[in-house]
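First comes the structure, then the notes that go with it.
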Amino acid sequence: MAKGKVDALLGIVFGDEGKGKVVDVFTPRYDIVARFAGGPNAGHTILFEGKKFVLRSIPSGIFDENKLNIIGGGCVIAPDLFMAEACELEAAGYDLHQRLHISQRAHLILPTHRVLDRAYEAAKGKAKVGTTGKGIGPTYSEKASRTGLRVGDILDNFRAKYEALKARHLQILADLHYTDFDITDEEKKWFEGIEYMQHFPLTDTETELNRALAEGRNVLAEGAQGTMLDIDHGTYPFVSSSNTICGGVCTGLGVPPTSIGEVFGIFKAYSTRVGSGPFPVELFDETGDKIREIGHEYGAVTGRNRRCGWLDLVALRYAIMINGVSQLIMMKGDVLDDFETIRVCVAYERNGVRTTDMPFNTEGWAPVYRDFPGWQTDLTHMTSPSQFPSAFRDYIAFIERETGTPVTLVSVGPDRAQTISLA
Ligand code: GDP
Ligand code: IMO
Ligand code: MG
C-alpha cells in the first residue's frame with residue numbers, strides 16, 4: 001500500500017466473495033476507505049469479537065474511528081436505508097458523523113425507483129434479472145438519461161425537484177399499468193432519511209480524495225458486486241447497472257488511473273451467483289446443496305438461495321485481465337474442508353469447440369473440469385500457511401499457475417481473525 005495511491009479491492013466473480021471482511025481486515029493499513037459504485041444492493045458482512053454487521057452503503061472501514069470513510073460519486077444512495085444502516089451502527093456504539101463523508105455527486109434512489117425496479121422486473125417475466133429490488137437499475141438509468149437527482153440537490157429547493165421526478169415516475173408506472181403499490185410510509189421514512197443525511201458532511205469527495213493523495217495518504221477503494229455483474233463487462237443483461245471493475249474506481253471516485261496501486265481480486269474457493277443469468281459451473285445436485293449449506297450461501301440482502309458451483313478459472317482469468325489484478329485473495333477455503341474431490345473449471349466447451357476465453361454469452365457452454373483430491377482437514381483454526389495441508393497448498397498453487405497471479409491472502413472462516421497472509 002504505497003503512499004499517495006488508491007488500492008482497489010474488487011469482487012472478481014458474481015459478488016459476495018467476502019469483500020466486507022477483507023476491507024475490514026485491511027483498514028488499519030489505509031487512511032481512507034471509499035465505496036465507488038453500487039448502493040444498497042450490496043451486502044458486506046463483517047464479523048469480529050462476536051459481533052456481526054451487514055453493511056449496504058457504508059464502507060467497511062467504518063469500525064476504525066481513526067479512518068475516514070467516503071461514499072463516492074459513483075454510488076447510488078437510498079436515504080431511508082442509509083439512515084437505518086447508520087442508526088444500527090450508532091446504536092452499537094460507533095459514532096459515524098465525523099468519519100463518514102458522502103459525495104454530493106452520488107445519485108439518490110427514490111421510493112418510486114424501487115417501484116419501477118419491481119415493475120420492470122414484472123414486465124420482463126421469465127427473462128427477469130432477479131434484481132435486489134433496491135431501485136439500482138432505474139436510478140442509474142436516470143443518471144445516464146440526465147434526469148436523476150443527486151445528494152447535492154438536497155441543499156437547494158429539493159422538494160420541488162423531488163415532486164417533479166416522482167410525477168414522471170408515476171406516469172411511467174401508469175403507462176405500465178403497474179398501480180398496485182402504496183409508498184406513503186416509505187416516502188415519510190425517506191424524507192426523514194434526507195434530513196438525517198444532512199448531519200453528515202456532504203462534500204466534493206473527489207477534491208478531498210485527490211488532496212489526500214497529494215499529501216501522501218493512501219486510499220482503499222471497496223468494490224461492490226463483482227466483475228461478472230459489471231454493466232459493460234459482465235453477463236449482460238443479467239448484470240447490475242454500474243461499473244464494478246477497476247475502471248469504475250476512477251470514474252466513481254474521480255481519481256486518475258495513474259493513482260491506482262495494487263488491485264486485489266477477491267474470489268471464493270468455489271463459485272456462487274444470486275439472481276438470474278447464465279452460470280456454466282452451476283451444480284444442480286447434492287454437491288451444490290452441500291456447498292450452499294456449509295457455506296451459508298444465502299443472500300445477505302435478500303436472503304435468496306445463492307446458486308453454487310465449482311471454481312471457474314475462465315471467469316477468474318477474464319476478471320484478472322479486465323481489472324489488472326495484481327494479487328488474488330481466496331476466501332472460504334474452509335467450506336470445502338469435507339469434500340473428497342474438488343473440481344475446477346479450466347475451460348468451456350460447446351459443440352466440440354473448447355475455449356479458455358470468456359465468450360460473448362456463456363449460455364450453452366459446458367464446463368471442462370480438472371479434479372483435485374480434497375484436503376479433508378479442518379482449516380478454520382489454522383493461523384499460518386505452514387499449517388496448510390499439502391492438498392490445499394496444491395490447490396492454491398494450481399490457481400496461481402493457471403492465472404499467473406499470486407494468491408497473497410487466504411480466508412478460512414468468517415471472523416476477522418481467520419485470515420492468513422501468504423505474502
Ligand atoms: P461481500 O458482499 O463480498 O462482502 O460478501 P458477503 O458478506 O455478501 O458474503 C460473504 C459471506 O461469507 C459472509 O456471510 C461472510 O461472513 C462469510 N465469509 C467470509 N469469509 C469467509 C471464510 O473464509 N469462510 C467462511 N466459512 N465464511 C466466510
Ligand atoms: P455485493 O456487493 C451478489 C445481483 C442481483 C441481480 C443483479 C442485478 O454484496 O457482492 P441489482 O439489484 O443490482 O439491479 O441486481 O446483480 N447483485 C448482487 N449479487 N452480490 C451483490 O453485491 C449484488 N448486487 C447485485 O442478484 O442478479
Ligand atoms: Mg454481499
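We use all heavy atoms of the structure for the numbers below, so side chains are in, but hydrogens, waters and symmetry mates are not. Just follow the structure's listing: the first ligand is 1, and inside any ligand the first atom is 1.
- Between the side chain of Q387 and the backbone N or O of S384 there is at least one donor-acceptor pair closer than 3.5 Å.
- Taking the six-membered ring for Trp and the full ring otherwise, the centers of F200 and F82 sit less than 6.0 Å from each other.
- Side chain of S259 to main chain of V255: no donor-acceptor pair is present (N/O by atom type, distance under 3.5 Å, no hydrogens or angles).
- Atoms of ligand 2 lying under 4.0 Å from any heavy atom of K19, numbered from 1 in the order shown and given with element: 1 (P), 2 (O), 10 (O).
- Counting heavy atoms under 4.0 Å from ligand 2, residue T132 touches it through both backbone and side chain.
- Pairs of residues two or more places apart, or lying in two chains, that qualify as salt bridge (Lys or Arg N to Asp or Glu O under 4.0 Å) and include a residue from residues 85-111 are R105-E206.
- Not a single heavy atom of G11 sits less than 4.0 Å from an atom of ligand 2.
- For H44, a nitrogen or oxygen atom sits less than 3.5 Å from a nitrogen or oxygen atom of ligand 2, counting backbone and side chain alike.
- Under 4.0 Å from ligand 2, not a single heavy atom of K134 appears.
- With atom 13 (O) of ligand 2 as the reference point, the heavy atom nearest to it among S240, G223, G277 is part of S240.
- Environment of CG in D185: sparse, with no more than 12 heavy atoms of neighbouring residues, nucleotides or ligands closer than 6.0 Å.
- Here D117 has no heavy atoms under 4.0 Å from ligand 2, in either its backbone or its side chain.
- Looking at F238 against ligand 2, nothing comes within 4.0 Å, counting heavy atoms.
- Here G43 reaches the Mg ion (ligand 3): one of its N/O/S atoms is less than 2.8 Å from the metal.
- Between R292 and E297 no salt bridge is recorded (no basic side-chain N to carboxylate O distance below 4.0 Å).
- Residues K332 and S411 bring no donor and acceptor atom of their side chains to less than 3.5 Å of each other.
- Between the choices L229, T272, I136, the shortest heavy-atom distance to atom 17 (N) of ligand 2 belongs to L229.
- Checked against the Mg ion (ligand 3), the N, O or S atom of D16 at the shortest distance is OD1.
- No more than 12 heavy-atom neighbours from other residues, nucleotides or ligands sit within 6.0 angstrom of OH on Y236.
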